[in-house]
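First the structure, in the form of structure tokens, and then the observations on it.
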Amino acid sequence: MTSKDKFFSNKLLEWYEKNQRELPWRKNIRHKDYPYRVLVSEFMLQQTTVATVIPYFKKFINEWPTLKKLSHAKIEDVLLFWQGLGYYSRAKNLLKTVKIIDEDYNGKIPKDKINLIKLPGIGEYASAAISSIAFNKKAVAIDGNVKRVIARYYEIRGNDKSFEKKISEIAERICPNSKNRSYTQAVMELGAIICKPKNSDCHNCCLKSKCSAHKKNTVDRIPTIKSKPLKQKLNCISFLTIHNNSKILLKKRIGKKILTNQWEIPSTNWKVKPVKFSKKSTPVPNAKWKKTNVEFKHSFSHIDLKNTVYKSNINNSQIQLNEDDLKWVDLKKLNKYAVTTMSKKTLNLLNLIQI
DNA sequence: AATCCGGGGTC
DNA sequence: GACCCAGGATT
């Protein structure tokens, strides 16, 4: 432990005391349900910005204020709630984890990383984050923010395995033996609001006097950017069937790997080549179908999808539905279903709903 | 070790 | 359009 290491944790803790944001999951650390709220927040925050999470978190805690209540929830309800937040396996894993804690741990969240990491959806980062933030235990949580802050402060270059190893070794070495609840959040907080990926606010940084990258003016080049594989470009046509301008046909994505079990406007498979319209592929082949002017792109983490929308007005809703996973849904009751964001965008563009 | 999994904000 | 976000599971 060098004086530069000491400076890091001391200055950071001092800065955090005065500058931390008021975030809903940080309130009432003495409350019996505080660890549960930290648990929920850590699931939501994975690869998701604080600003996005806040409204979801508030509604979630309002709906399921305690671990016990969430443990009795149905996965359909949790998924409905998670709609639009993305990475839906988090919702399933959160419910699984809470059920395990309720049954195997007498409702008490494990305090140590070694037990937390066994739970579904909790990995290397989250186990350390929960242990330190919820229980004030010493545990080293390394997320994207931490990597960036440490890489700049010690001027660690690269983006490969050895980079990860160096960051990890330094993080272990400089982690203080107390105030870990604050320290874990302080490093991430600095990364989020001062030591940002771009336009980092070095002028207001409590670490600038000893920051190697700042002194050498290499902040913008650290950490080294990883080249990512190109996104696959895919196409689809979706078929909006509408009755009396009030009810639409939705289909459940059964057996799909992405957006599993969510409801959507029936669509062709996603294909590399532009999809040609054919009546046979529509949910109601004997109806009149018309191409709309709605055509837009929707991006996933690894796919850029172009969606072209066709529409059919159906006068009687008595038509035979051949498949069990097709259903007429009143536009006013759309919020009872987990509907894909792309389908909601479609309905919004057709002025059928407001998002 | 690479790939999959969402969606939105920022520049 | 490229990059990032309090990552984890799967293959």
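In the text below, chain A, chain B and the rest are named by the order of the sequence lines, each starting its count at 1.
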Practice task
List in chain and number order the residues that pass side chain to side chain donor-acceptor pair (under 3.5 Å) with T260(A), two or more places apart in sequence or in another chain; answer none if no residue qualifies.
Solution key: none
Exercise for the section: Begin from the C-alpha positions of W263(A) and Y337(A) and carry the test ring pair (Phe, Tyr, Trp, His ring centres under 6.0 Å) through to its verdict. Expected result: CA-CA 7 Å; W263(A) 292 85; Y337(A) 296 81; 5.5 Å; yes
Practice task
Could you check how far CD1 of I54(A) sits from C1' of dC5(C), rounded to whole Å?
Solution key: 14 Å
Problem - side chain to side chain donor-acceptor pair (under 3.5 Å) partners for K92(A), two or more places apart - result: none
Handout entry: d(OH, Y125(A); P, dC5(C)) in whole Å
Key = 12 Å
Practice task
Taking the six-membered ring for Trp and the single ring otherwise, decide whether the centroids of H298(A) and F300(A) are under 6.0 Å apart.
Solution key: yes
Exercise for the section: Take the protein atom CE of M44(A) and the nucleotide atom C1' of dC5(C), then report the distance between them rounded to whole Å. Expected result: 16 Å
Practice task
Using ring-ring contact (aromatic ring centres under 6.0 Å, His included) as the criterion, list what pairs up with F57(A), not counting sequence neighbours.
Solution key: W25(A)
Exercise for the section: Rounded to the nearest angstrom, tell me the gap between atom CD1 in I225(A) and atom C1' in dT10(B). Expected result: 13 Å
Practice task
Could you check whether A141(A) gets within reach of a base, just the sugar-phosphate, or nothing at all, counting any heavy atom under 4.0 Å?
Solution key: nothing
Problem - Among K256(A), K327(A), R253(A), K345(A), the one residue meeting salt bridge (Lys or Arg N to Asp or Glu O under 4.0 Å) with E264(A) - result: R253(A)
Practice task
To the nearest Å, give me how far apart CG (D220(A)) and C1' (dT10(B)) are.
Solution key: 15 Å
Handout entry: Partner set under ring-ring contact (aromatic ring centres under 6.0 Å, His included) for Y16(A), not counting sequence neighbours
Key = none
Practice task
Identify whether any heavy atom of K161(A) sits under 4.0 Å from a base atom; if not, whether one sits that close to sugar-phosphate; answer base, sugar-phosphate or nothing.
Solution key: sugar-phosphate
For nucleotides 5-7 of chain B, tabulate all protein N/O to nucleotide N/O atom pairs closer than 3.5 Å, reporting atom names and distance.
from: dC5(B); atom 1: OP2; to: H302(A); atom 2: NE2; distance (Å): 2.7
from: dC5(B); atom 1: N3; to: Y87(A); atom 2: OH; distance (Å): 3.3
from: dG6(B); atom 1: OP1; to: Y88(A); atom 2: N; distance (Å): 3.3
from: dG6(B); atom 1: OP2; to: L259(A); atom 2: N; distance (Å): 2.7
from: dG6(B); atom 1: O4'; to: Y87(A); atom 2: N; distance (Å): 3.0
from: dG6(B); atom 1: N7; to: Y87(A); atom 2: OH; distance (Å): 3.3
from: dG6(B); atom 1: O6; to: Y87(A); atom 2: OH; distance (Å): 2.9
from: dG6(B); atom 1: N1; to: Q47(A); atom 2: O; distance (Å): 3.0
from: dG6(B); atom 1: N2; to: Q47(A); atom 2: O; distance (Å): 3.4
from: dG6(B); atom 1: N2; to: T48(A); atom 2: OG1; distance (Å): 3.0
from: dG6(B); atom 1: N2; to: L85(A); atom 2: O; distance (Å): 3.3
from: dG7(B); atom 1: OP1; to: Y88(A); atom 2: OH; distance (Å): 3.1
from: dG7(B); atom 1: OP1; to: T341(A); atom 2: OG1; distance (Å): 3.1
from: dG7(B); atom 1: OP2; to: H298(A); atom 2: NE2; distance (Å): 3.1

Handout entry: Results of salt bridge (Lys or Arg N to Asp or Glu O under 4.0 Å) for R21(A) - residues two or more places apart only
Key = E189(A)
Please list every donor-acceptor pair under 3.5 Å in which a side-chain atom of residues 101-113 of chain A meets a protein atom from a residue at least two apart or in another chain.
from: D102(A); atom 1: OD1; to: K68(A); atom 2: NZ; distance (Å): 2.9
from: K113(A); atom 1: NZ; to: E124(A); atom 2: OE2; distance (Å): 2.6

Report all interatomic pairs (protein N or O, nucleotide N or O of nucleotides 9-11 of chain C) with separations under 3.5 Å.
from: dA9(C); atom 1: OP1; to: G121(A); atom 2: N; distance (Å): 2.7

Fill in the blank from the handout: From CG of L230(A) across to C1' of dC3(C) the rounded distance in Å is 14 Å
With a 3.5 Å cut-off and sequence neighbours excluded, list the donor-acceptor pairs that the side chains of residues 146-156 of chain A form with protein atoms.
from: K147(A); atom 1: NZ; to: E164(A); atom 2: OE1; distance (Å): 3.2
from: R148(A); atom 1: NE; to: C195(A); atom 2: O; distance (Å): 2.7
from: R148(A); atom 1: NH2; to: N145(A); atom 2: OD1; distance (Å): 2.9
from: R148(A); atom 1: NH2; to: G191(A); atom 2: O; distance (Å): 2.8
from: R148(A); atom 1: NH2; to: C195(A); atom 2: O; distance (Å): 3.4
from: R152(A); atom 1: NE; to: V219(A); atom 2: O; distance (Å): 3.1
from: R152(A); atom 1: NE; to: I222(A); atom 2: O; distance (Å): 2.7
from: R152(A); atom 1: NH1; to: K196(A); atom 2: O; distance (Å): 2.8
from: R152(A); atom 1: NH2; to: K196(A); atom 2: O; distance (Å): 3.3
from: R152(A); atom 1: NH2; to: P197(A); atom 2: O; distance (Å): 3.1
from: R152(A); atom 1: NH2; to: V219(A); atom 2: O; distance (Å): 3.4
from: R152(A); atom 1: NH2; to: I222(A); atom 2: O; distance (Å): 3.2
from: Y153(A); atom 1: OH; to: K4(A); atom 2: O; distance (Å): 2.8
from: Y154(A); atom 1: OH; to: D5(A); atom 2: OD1; distance (Å): 2.6
from: E155(A); atom 1: OE1; to: K216(A); atom 2: NZ; distance (Å): 3.2
from: E155(A); atom 1: OE2; to: R157(A); atom 2: NH2; distance (Å): 3.4
from: E155(A); atom 1: OE2; to: T218(A); atom 2: OG1; distance (Å): 3.0

Handout entry: salt bridge (Lys or Arg N to Asp or Glu O under 4.0 Å) partners of R181(A), counting only residues at least two apart
Key = none
Handout entry: Residue whose closest nucleotide on DNA chain C lies nearer the 5' end, G144(A) versus K198(A)
Key = K198(A)
Problem - For DNA chain B, the residues among residues 163-191 of chain A that have a non-hydrogen atom under 4.0 Å from it - result: none
Handout entry: Separation of dC4(C) C1' from N145(A) CG (nearest whole Å)
Key = 10 Å
Practice task
Would you mind reading off the distance between L45(A) atom CG and dG8(C) atom C1', rounded to a whole angstrom?
Solution key: 14 Å
Exercise for the section: Applying side chain to side chain donor-acceptor pair (under 3.5 Å), name anything that partners E76(A), two or more places apart in sequence or on another chain. Expected result: none
Exercise for the section: Under 4.0 Å between any heavy atoms, over every strand shown, what does R26(A) touch: base, sugar-phosphate, or nothing? Just pick one. Expected result: base
Exercise for the section: Determine the contact category for W25(A): base if any of its heavy atoms lies under 4.0 Å from a base atom, sugar-phosphate if only primed atoms, P, OP1 or OP2 are that close, otherwise nothing. Expected result: base
Handout entry: Any K226(A) side-chain nitrogen or oxygen under 4.0 Å from OP1 or OP2 of dC3(C)
Key = no
